Amino acid sequence: MADRALVLGGGGVTGVAWELGLIAGLAEAGLRLADADLVVGTSAGSVVGADITSGHDLEDLYQRQLAPPVGEIAAKMGRGVLARLGWIMLTSRNPDRARRRIGRLAVAARTESEAARRKVIEGRLPTRDWPATPVLRVTAVDAESGEFTVFDATSGVDLVDAVGASCAVPGVWPPVSIGGRRYVDGGMRSAANADLADGYARVVIIAPITQGFGQMASPMAQAAVLTSAGASVVLIKPDAAAVQAIGKNLLDPARRAASALAGRAQAAAVLDQVGAVWLADEAAEGSA
């Protein structure tokens, strides 16, 4: 088995903030998840993955989440879009067909332009360069074929475009054009796509959303499969205080600071749980 994988799930702008707060809090306590061999990022997790592998100071990245959301627009997935997505997921028995239907919805939706959205994504990332190490994998879904797609440093795709595609929530943000194809949110396949960590001995999954829906595999189910394959796995989800801070609208930047603070506060409660997985080999060597 390969060694350590960090899986970062989707969850909107508040999910980005909560994940960065949690990771910063763990790092302050001496547990550096950015030292992973593999980082898998889906939707919000792709932003966090690009952040923590950029080489920029983690504390600075965390502090950015506490800044007032000047110039940012609070988006919201309308009830109509939610209803259509729910209907598609519940009535499509084939996952690829479900994702194709979601892709058609995304392409037909009236949103801001791709160019405008790209500027927002570019402004959120500290770099446009893929990391040399660790391996960063960013997930998306082909809007036309429904095919699950994974971008990394070998794909020849700009990091900003890859992250933008992974964050392209259907009906809210425009699909992202890459190589003549259009892509939408990787969370339309799974909220975390933790199965990409298959083959790694130690896996930490940080997931603002842990449930699945219809044909979307849940991070909880994927964690169970990894465990059954012999990996040591821990799944961290928002605690009660974080859930309250995040609120009902995951796309509201006004709740970003509170979400980051809640993530940092939660780090102390999960430190031993995460450390038991992340530092398993070191602990064994120390007791030998």
Side-chain angles (χ1 to χ4, degrees), residues 5-17 19-21 23-24 27 32-67 69-73 75 106 111-143 148-169 172-187 193 196 206 251 253 256 260:
L6 173 63
V7 177
L8 302 167
V13 294
T14 54
V16 171
E19 290 181 22
L20 278 172
I23 293 169
R32 288 186 51 82
L33 298 184
D35 291 338
D37 300 291
L38 169 71
V39 176
V40 176
T42 292
S43 199
S46 71
V47 176
V48 178
D51 279 348
I52 68 171
T53 62
S54 67
H56 283 64
D57 183 71
L58 182 56
E59 187 63 29
D60 288 344
L61 294 171
Y62 167 73
Q63 290 296 328
R64 287 175 59 178
Q65 298 301 310
L66 303 181
V70 178
E72 293 202 37
I73 299 173
T111 65
E112 68 178 3
S113 69
E114 278 192 61
R117 179 61 178 164
R118 191 180 194 282
K119 288 182 179 179
V120 172
I121 297 297
E122 190 171 17
R124 288 179 179 169
L125 299 184
T127 181
R128 293 183 57 176
D129 299 323
W130 290 91
T133 56
V135 174
L136 173 63
R137 292 178 180 157
V138 173
T139 69
V141 168
D142 188 304
F148 180 57
T149 303
V150 180
F151 299 113
D152 60 21
T154 69
S155 63
V157 173
D158 189 280
L159 179 61
V160 175
D161 291 329
V163 171
S166 194
C167 294
V169 181
V172 179
W173 307 122
V176 172
S177 300
I178 300 174
R181 310 291 295 181
R182 302 190 76 188
Y183 295 89
V184 297
D185 197 319
N193 294 296
L196 292 181
I206 299 179
L251 304 176
R256 186 173 63 196

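Owing to the predicted nature of the structure, the values given are computational and were not obtained by experimental measurement.
Here the side chain of Ser166 pairs a donor or acceptor atom with the backbone of Thr139 at under 3.5 angstrom. Within the 3.5 Å criterion, the main-chain N or O of Val176 finds no donor-acceptor partner in the side chain of Arg118. No donor-acceptor pair closer than 3.5 Å links the side chain of Thr42 to the backbone N or O of Gly45. Put simply, the side chain of Trp130 gets close to the backbone of Val157: a donor and an acceptor are under 3.5 Å apart. At least one donor-acceptor pair closer than 3.5 Å links the side chain of Glu114 to the backbone N or O of Ser177.
Looking only at side-chain heavy atoms (C-beta outward), Asn193 and Val150 stay at 4.5 Å or farther from each other. Between Tyr62 and Leu58, every side-chain heavy-atom pair lies at or beyond the 4.5 Å cut-off. Taking 4.5 Å as the limit, some side-chain heavy atom of Leu20 sits within range of a side-chain heavy atom of Ile52. The shortest side-chain heavy-atom distance between Ile121 and Trp173 does not fall under the 4.5 Å cut-off. Between Leu125 and Val47 there is a side-chain heavy-atom pair separated by less than 4.5 Å. Pro175 has its side chain within reach of Val184: a pair of non-hydrogen atoms, C-beta onward, lies under 4.5 Å apart.
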Legend entry - Test log, rule side chain to side chain contact (heavy atoms under 4.5 Å, CB included), inputs Leu196 and Val7: CA-CA 8 Å; Leu196 292 181; Val7 177; over 6 Å; no

Legend entry - Check against side chain to side chain contact (heavy atoms under 4.5 Å, CB included), Arg128 and Asp158: CA-CA 7 Å; Arg128 293 183 57 176; Asp158 189 280; 3.0 Å; yes

Inset, instruction - Applying side chain to side chain contact (heavy atoms under 4.5 Å, CB included), run through Leu136 and Leu159 and close with a yes or a no. - result: CA-CA 10 Å; Leu136 173 63; Leu159 179 61; 4.1 Å; yes

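Between Gly49 and Val39, the shortest heavy-atom distance links the atoms CA-CG1, 3.9 Å. Residues Ala168 and Pro174 share a closest heavy-atom pair of CB-O, 3.5 Å. Considering every non-hydrogen atom in both Cys167 and Ala44, the closest pair reads SG-N, 4.3 Å. Closest heavy-atom contact between Pro253 and Val13: N-CG2, 3.7 Å. Closest approach of Asp51 and Pro126 over heavy atoms only: OD1-CD, 2.9 Å. Between Ile178 and Ala165 the shortest heavy-atom distance is CD1-CB, 4.2 Å.
To the nearest 0.5 angstrom, Glu19 atom CD is 9.5 Å from Thr14 atom OG1. For the atom pair Thr53 OG1 and Asp35 CG, the distance stands at 12.0 Å (nearest 0.5 Å). Annotation: the span from Ile23 atom CD1 to Leu61 atom CG amounts to 10.0 Å, rounded to 0.5 Å.
Checked by atom type, the side-chain pair Asp142/Thr149 shows no donor-acceptor distance below 3.5 Å.
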